[in-house]
Amino acid sequence: MCSTIHKITRLCVGAQQQFSHSLGTRSASTASTLGTRSASVLSSSTTRTSSGVHSAVRTVRVFCPYREYSGHSSENGRSPYLNVSLLGVSSLVAASLIGSFFDDGGKSKEETLKTHIGMCTMHLHQAEPHLAKPHFREAYELLKDDLNRTRDTPIPNLKIAYLTDQLGNIALQLECYREAINLYMATINGFALNGIERSNRTVTELFLKIGQIYAILGDYKLAEMSFLHCVGVTTLELSKSDAPKNPKVVTLAGLAYEGLGKVYLSMNLPENALNMYKHALQFAEDIFEPDDPQIPVLLNDLATVYEALNEYDMALEQVEKAIAKAKIANQAAVPSIMCNKATILLFSGDLQSARSLYEQVLQTCVRIQDYETAREVKANMKILEEKERLQKEHLNE
């Protein structure tokens with residue numbers, strides 16, 4: 001490839017709709033998923049430099065945007081693995097708001113945390129993050145002893161640990177990524193001090209979210225370590241019995257493998273990424289229905305990996321499968337996947353087909369007001385124009 005071709009930008013469908021669709025509450029399309037997520041706002045792209053090296057920068061969707069505190073165990077009827085929508089004010093928010101109206105100045109730490117979390121949730125639901133941040137900061141300050149634990153720091157009760165986890169979810173929604181990591185780690189420590197082992201599924205979910213945040217921040221080694229912890233725990237649990245596999249554990253395992261795939265692609269290790277995506281796709285096919293909207297997302301990302309390996313025939317085969325499935329189960333993702341196909345055609349040298357498809361996708365994006373994909377298409381078409389110019393110059397020599 002000519003050295004004057006600098007890079008190409010491509011929307012990553014996997015960033016829009018992660019494997020983390022909840023059990024029993026998965027939305028039917030990327031559009032509805034985007035309606036309930038509240039943190040993934042960074043631009044999501046895959047870049048390819050003139051040397052052929054790919055660098056994937058993918059937004060990580062919040063695995064559990066808001067988990068309502070339900071007492072103690074995740075086995076009491078409300079699974080923490082559900083993707084809980086922020087739409088509507090929960091009982092916790094209502095209780096917090098009532099408490100704030102009748103504040104007598106003598107509230108406990110737990111009550112004060114609930115109030116601030118409730119106010120944050122209400123403001124985020126109303127698209128007012130600037131009003132949520134002051135409450136987040138006050139709640140974060142209230143937990144400073146738990147975040148900077150010493151030998152003399154009192155052991156937090158489980159209610160405080162769960163509220164710390166919830167505040168971490170809010171930090172993620174506010175894009176306060178370092179604070180989110182601190183809160184999640186404090187939650188893990190709080191659980192440990194209360195006798196909850198690191199192999200507990202709730203703790204595994206926390207490590208998963210920590211890995212996703214490190215991936216957003218570009219700390220790929222730390223992200224890798226977090227995801228590998230999840231893989232180790234879930235693999236061990238799945239190997240313990242010949243009984244039917246717990247779908248929650250399978251989902252966590254699939255998420256961890258998909259996270260590793262994105263991380264390895266970002267680290268320019270496409271061979272490793274290929275293995276991880278194959279595992280993630282296998283888990284998805286084992287637990288989800290054939291027409292689940294996540295399947296085309298994973299197929300699209302698998303195509304990206306094959307393209308990074310310069311295996312264009314395999315990349316086109318996978319992206320065609322993704323398009324076919326997306327047209328049935330995930331129509332909102334079709335423009336992004338079509339854009340990816342055009343990019344694969346571009347790098348395979350079929351410039352004419354790439355241009356035709358880019359133009360088709362751009363028209364669709366304008367019609368349906370998919371401005372994010374439209375921006376990606378326009379950026380890629382500039383690269384295409386440069387390659388066309390260089391090709392013409394070469395023919396004229």
Side-chain angles (χ1 to χ4, degrees), residues 14-22 25 27 30-44 57-70 78 80-94 96-97 100 113-143 147 161-188 202 205-219 223 226 255 259 372:
Q16 293 181 332
Q17 187 182 39
Q18 287 271 8
F19 196 121
S20 55
H21 290 301
S22 61
T25 61
S27 60
T30 304
S32 57
T33 301
L34 292 174
T36 60
R37 75 174 183 177
S38 37
S40 302
V41 294
L42 295 181
S43 61
S44 166
V57 181
R58 300 175 183 229
T59 316
V60 180
R61 183 172 179 273
V62 183
F63 176 55
C64 184
Y66 180 79
R67 186 168 66 208
E68 183 176 347
Y69 172 66
S70 55
R78 185 180 184 88
Y81 306 102
L82 295 180
N83 232 355
V84 183
S85 170
L86 280 172
L87 301 179
V89 180
S90 70
S91 58
L92 172 62
V93 178
S96 301
L97 292 177
S100 67
L113 281 172
K114 284 184 178 181
T115 296
H116 287 307
I117 289 172
M119 294 300 293
C120 286
T121 305
M122 181 188 72
H123 287 307
L124 286 169
H125 169 58
Q126 295 175 347
E128 299 170 337
H130 60 290
L131 296 179
K133 278 193 175 182
H135 291 283
F136 167 73
R137 291 299 177 192
E138 289 192 39
Y140 191 79
E141 181 66 19
L142 196 61
L143 290 168
L147 299 173
Y162 276 104
L163 289 169
T164 303
D165 177 21
Q166 289 183 30
L167 193 63
N169 294 335
I170 289 171
L172 197 52
Q173 295 164 42
L174 292 172
E175 300 176 46
C176 299
Y177 297 124
R178 294 296 178 186
E179 290 88 342
I181 290 174
N182 294 338
L183 289 163
Y184 289 144
M185 290 304 300
T187 303
I188 292 171
T202 303
E205 177 197 325
L206 288 165
F207 273 107
L208 183 71
K209 291 190 285 191
I210 289 170
Q212 292 175 335
I213 298 171
Y214 277 132
I216 290 175
L217 296 173
D219 293 339
S226 299
L255 278 162
E372 184 178 5

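Any value given below was found using the heavy atoms of this structure, including those in side chains, with hydrogens, waters and symmetry copies removed. Keep in mind it's a predicted model, so treat the numbers as computed, not measured.
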Rounded to the nearest 0.5 Å, what's the gap from [atom1] on [X] to [atom2] on [Y]? Could you check?
X    : Y    : atom1 : atom2 : answer
L167 : Y184 : CG    : OH    : 9.5 Å
L163 : I170 : CG    : CD1   : 9.5 Å
H123 : K133 : NE2   : NZ    : 14.0 Å
I188 : L183 : CD1   : CG    : 11.5 Å
L172 : I216 : CG    : CD1   : 6.0 Å
Q173 : H125 : CD    : NE2   : 12.5 Å

Any [X] side-chain heavy atom under 4.5 Å of [Y] side chain:
X    : Y    : answer
N169 : K209 : yes
S226 : L208 : no
T187 : Y162 : no

Would you name the heavy atoms of [X] and [Y] that are closest together and state the gap between them?
X    : Y    : answer
Q166 : I117 : OE1-CG2, 3.7 Å
G168 : A180 : O-CB, 3.7 Å
C120 : A132 : SG-O, 3.3 Å
T164 : A186 : CG2-CB, 4.1 Å

Review point. Can you list the residues that meet the side chain to side chain donor-acceptor pair (under 3.5 Å) rule with Q126, with sequence neighbours excluded?
Key: none

Practice item. Take L143 and L113 through the test side-chain contact (heavy atoms from CB on, under 4.5 Å) and record every step on the way to the result. Key: CA-CA 9 Å; L143 290 168; L113 281 172; 3.8 Å; yes

Review point. For the residue pair H135 and H116, does the interplanar ring angle fall in the parallel (under 30°), tilted (30 to 60°) or perpendicular (over 60°) class?
Key: tilted

**Study point:** All side chain to side chain contact (heavy atoms under 4.5 Å, CB included) counterparts of I181, not counting sequence neighbours
**Key:** R178, M185, I213, Y214, L217

**Study point:** Presence of salt bridge, R137 and E141, under 4.0 angstrom
**Key:** no

**Study point:** Pairing residues for F136 by the ring-ring contact (aromatic ring centres under 6.0 Å, His included) criterion, not counting sequence neighbours
**Key:** Y140

